[in-house]
Structures are given as C-alpha cells and as structure tokens.
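Structure first, commentary second.
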Amino acid sequence: MSSAPTRDTGQDHFWTVNEHLEDILATVRPLDPIELHLLDALGCVLVEDVTVPLSLPPFDNSSMDGYAVRVADIAGASEEYPAVLTVIGDVAAGQGEQPHVGPGEAARIMTGAPLPPGAETVVPVEWTDGGLGRGPVSRMRAHSASPEGASGQVAVHRAAGARAHVRDKGSDVKAGDRALAAGTILGPPQIGLLAAIGRATVRVRPRPRVVVLSTGSELVQPGQKLDPGQIYDSNSFALTAAARDAGAIAYRVGAVTDDAEILRATIEDQLVRADLLVTTGGVSVGAYDVVKEALQSVGDEDEAGSGVEFRKLAMQPGKPQGFGSIGPDHTPLLALPGNPVSSYVSFELFVRPAIRALMGLEDLHRPTTRATLEVPKALTSPAGRRQFLRGTYADGKVTPVGGAGSHLVSALALADALIVVPEDVESVEPGSEVEVVLLG
C-alpha cells in the first residue's frame, strides 16, 4: 500500500468528504490474484477472461421424456389415427451407446439423453400411450418396475416437426466463446457455468479480510448482564455485517477497553489475518479517546508518510476520522467514530469503497439519485457542515428518519438511504431536491 498524499493543512482544517475519500483510495491497491477452487472463489472478482473449451450441451439431447423417432413416421398422427411404432430400446442420460432408429421404429428417451442416430425429433410421452395400448398417458413407468416398456409398440397421437424438443449441441455456448469476462463478480450462476465447462479452479482477486474492532470500557457483549454505565456493543456487529455485505471476509473482535497498550497489542495480533483494519470509537478529542492515543504516533519505519492520521471532516455525522497504514505489510486502517450512526455512515462513505477497491472492482460506490425531500426533521447543524441524514426512499421522494442530529440506532434500522444535504443546510426545506445514496 502506498502512503496518502500530503496536504498543506493546519490543525483546525476541515477536510471535505471527497478529499478524505480520495486519500483513502490512493492508499488502497487491489489484492494480488490467486488461483482458487470454485466454491472458494464465490464472491471474488475474476481477473481473466474465461473461454469455453467445449460446447454446451456437448451433444444433441432431448429436452423431454418421450420417444425419439423419424419425422416421416409420425406425420399426420392423431388420437383417432395414431402412428404405431416398434420400440427398440431405451436411451438414458449418461448412456454411452445408443440404438439406431430406423423406419417405423422409436427409442424411449429420457430428458438430457443424447439423440440417438437415425432419430430426427422427440415426441413427449404425454403425446403417446406409453406402450400400454390405451389412451394418452401422463408419465412413463419406472424402468425398474416395468422393464418391458423399453420394447413392444407405442402409439403416437400427435405429430412433431423436425428437431422438436431437441437441445442442439452448442445451443447454450460454443467452444471458443467467452464464458465470463475479467472483472466479473462470481456468484452462484457464474460458479455453475465454470463447473459446467469443466473448470475446477479459477484465477481471482480474493475477498479482502477485514478485521473490525470496537473500543470502549463501557461496551458489553450482547447476551451478558449490563452493569451501571454500560451499554451493549452494537458497532462491531453492524460494521462486521456491513463488511460481509460489501463482499469481504470479515472478523469481529470483541470490544477493547480504553487502554492504549492493550489496543496496540490487539491490533498487532490481528494483523496476521487482516487486509484492512477498521476500528470504531476513540477518535475524537476526549481524554479517553484511546484509538487516537494508541495510533497517532504509530508509523511504518520504512515508508515515509505512513502511519495513522486523524482528521476533522466537514460532515455530520462522522466529523472525527482517522486512516493510514500500520505493520510490516503496511496494512490499511480506518478509524471511525464510536457513535453507532456516525460509524455506519462513515462505513458507507469510506470503508465500503475501500473494500471494493481491494477486490479490484471499478464500481466502488453505492448508486445515487435525486429525490424530493419530504417533511424534513429539524436541520440543527451549522451551515458549512455537509449532512448525511438517514432516510427512506420511494417513488422519487425521500423522508428523513431520526432527524439531522439523531444518533439513534433505530434510525439505521429504518433507513434504506442516506440523504446528502448541501453545505447551505439552512436553505433546505420541504420540497428541496437532494442527492440520495441508496443503501439497499
């Protein structure tokens, strides 16, 4: 990872959201490609075009359970005047050798089985008497229960055109076609396609490993008893879930107490499994802001400009932020505020793009749109601070949830969008057009 650009700023400088994000993305580089087995590559980004080594399907095959026949033998067939053919055997899926279908003959064929030589079309079993000598049937009897169905005669009650119910060789993809393009995120359909064309492994950028640490002596694991002055740790759960949702392999570390030495030791222990470290809490100006105390003097001795820098951003919520690199591998670290809403908004603005950059994706950001602001709560922040309100979006309209200054965790659970309010917040009124970041 490279160090962030150096900017000429004073102690009281307020960084813009874009300046801070640009510096973060300037330090993050896509992870090196590796070869992974298919299931391990789920969620990873493909780094090379994949071409098809063999056509799919690799042979003409039946798309129905029925009878493989010649077109001329069933021309004009009806229930009143059925075409009666001699059944010469079965053709099952996976069967290597097939019988040759001659004039007046039919081979009982199963879905996915190769079209036997001599046959020109497939008649569904529902268009026949199934060899029972009565009217149309709805299905074939199991071969184990009625092996005589592979011989005898069958009455066909409807005609079929040439190659009806036949999947042609190469009708899905042909040998030499491009199956997947570099940059594709591998989901279940893509994994299935790779398996279908015979690929056991694939070259991808791995999903980044993200370690999330929350800090604060007041934090208690959910499920445990709260003592006076304590609260449950929600940040580490929300941010770990958000990192996984963004595509990372995320690890949650239990809350670290407000002790700088313990925090430094915990972070050093986690470096071995981290491509990105995310801390929450302890980055403001209080006497117990342990992250700032523990990390602001930490740097990489062999890389100029590295270490963790703490800043004030012209945004609310989330004004205090930190980022940089630590450890022998220059692992990127983002230090987020401790307020639950501030930390989650900060994740969406800064951490999620960093995770996607590590994955090697070109599209780093959530989709945005313009919307009409409906019934806004009080916008209490001073002018000159960009707002990121929580809101619900539908039909071109967005309604704030919790208000501009709300730090309620419930505002996160209700919201499906962030409302970006411009710097002149005092001019924002009901009916104003605002930018909306869609979270869903």
Quick one: list whatever passes side-chain contact (heavy atoms from CB on, under 4.5 Å) with D168, sequence neighbours left out. D60, R163, V166, S171
L38: side-chain contact (heavy atoms from CB on, under 4.5 Å) partners, not counting sequence neighbours: I191, L194, A195, V202
Do any N or O atoms from the side chain of [X] and from the backbone of [Y] form a donor-acceptor pair under 3.5 angstrom?
{"X": "R390", "Y": "L412", "answer": "no"}
{"X": "S217", "Y": "D258", "answer": "yes"}
{"X": "D177", "Y": "A179", "answer": "no"}
{"X": "E79", "Y": "P136", "answer": "no"}

Which residues pass the salt bridge (charged side-chain N to carboxylate O under 4.0 Å, His left out) test with E218, not counting sequence neighbours? none
Name all residues meeting the salt bridge (charged side-chain N to carboxylate O under 4.0 Å, His left out) criterion together with D49; count only those two or more places apart in sequence or in a different chain, and write none if there are none. R178
Flag yes if more than 12 heavy atoms outside [X] fall under 6.0 Å of its [atom1] atom; otherwise flag no.
{"X": "L39", "atom1": "CG", "answer": "no"}
{"X": "R139", "atom1": "CZ", "answer": "no"}
{"X": "E362", "atom1": "CD", "answer": "no"}
{"X": "D395", "atom1": "CG", "answer": "no"}

Can you name the nearest heavy-atom pair linking [X] to [Y], along with the distance?
{"X": "M64", "Y": "E126", "answer": "CE-OE1, 4.5 Å"}
{"X": "P206", "Y": "L31", "answer": "O-CD1, 3.6 Å"}
{"X": "L36", "Y": "C44", "answer": "CD1-SG, 4.1 Å"}
{"X": "A160", "Y": "T121", "answer": "CB-OG1, 3.9 Å"}
{"X": "E293", "Y": "R264", "answer": "O-NH1, 3.9 Å"}
{"X": "A260", "Y": "A294", "answer": "O-CB, 3.8 Å"}

Validation row: [X], [Y] side chains within 4.5 angstrom (heavy atoms):
{"X": "L186", "Y": "L180", "value": "yes"}
{"X": "N235", "Y": "L219", "value": "no"}
{"X": "I267", "Y": "L295", "value": "yes"}
{"X": "Y67", "Y": "T128", "value": "yes"}
{"X": "S325", "Y": "T27", "value": "no"}
{"X": "Q321", "Y": "L349", "value": "no"}
{"X": "V437", "Y": "T368", "value": "yes"}
{"X": "V28", "Y": "R356", "value": "no"}

Applying the side-chain contact (heavy atoms from CB on, under 4.5 Å) test to L277, which of L334, V308, V211, V212 qualifies?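 Per the side-chain contact (heavy atoms from CB on, under 4.5 Å) rule, the option paired with L277 is V211, out of L334, V308, V211, V212.
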From CA spacing to verdict: side chain to side chain contact (heavy atoms under 4.5 Å, CB included), Q95, M110: CA-CA 10 Å; Q95 182 175 318; M110 315 304 149; over 6 Å; no
Rounded distance (nearest 0.5 Å) linking atom [atom1] of [X] with atom [atom2] of [Y]:
{"X": "E19", "Y": "L313", "atom1": "CD", "atom2": "CG", "result": "8.5 Å"}
{"X": "R207", "Y": "R209", "atom1": "CZ", "atom2": "CZ", "result": "12.5 Å"}
{"X": "W127", "Y": "H165", "atom1": "CH2", "atom2": "NE2", "result": "4.5 Å"}
{"X": "L239", "Y": "E348", "atom1": "CG", "atom2": "CD", "result": "10.0 Å"}
{"X": "L276", "Y": "F323", "atom1": "CG", "atom2": "CZ", "result": "12.0 Å"}
{"X": "N61", "Y": "I109", "atom1": "CG", "atom2": "CD1", "result": "8.0 Å"}

Which residues pass the side chain to side chain donor-acceptor pair (under 3.5 Å) test with T215, not counting sequence neighbours?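 For T215, no residue satisfies side chain to side chain donor-acceptor pair (under 3.5 Å) once neighbours in sequence are set aside.
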Without hydrogens or angle criteria, can the side chains of T111 and D65 be said to hold a donor-acceptor pair below 3.5 Å? yes
What orientation do F347 and Y344 show, parallel under 30°, tilted 30 to 60°, or perpendicular over 60°?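 Ring orientation of F347 relative to Y344: parallel.
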Where at least one partner belongs to residues 232-262, residue pairs that pass ring pair (Phe, Tyr, Trp, His ring centres under 6.0 Å), sequence neighbours excluded: none
Applying side chain to side chain contact (heavy atoms under 4.5 Å, CB included), run through L358 and V210 and close with a yes or a no. CA-CA 10 Å; L358 287 168; V210 176; 5.6 Å; no
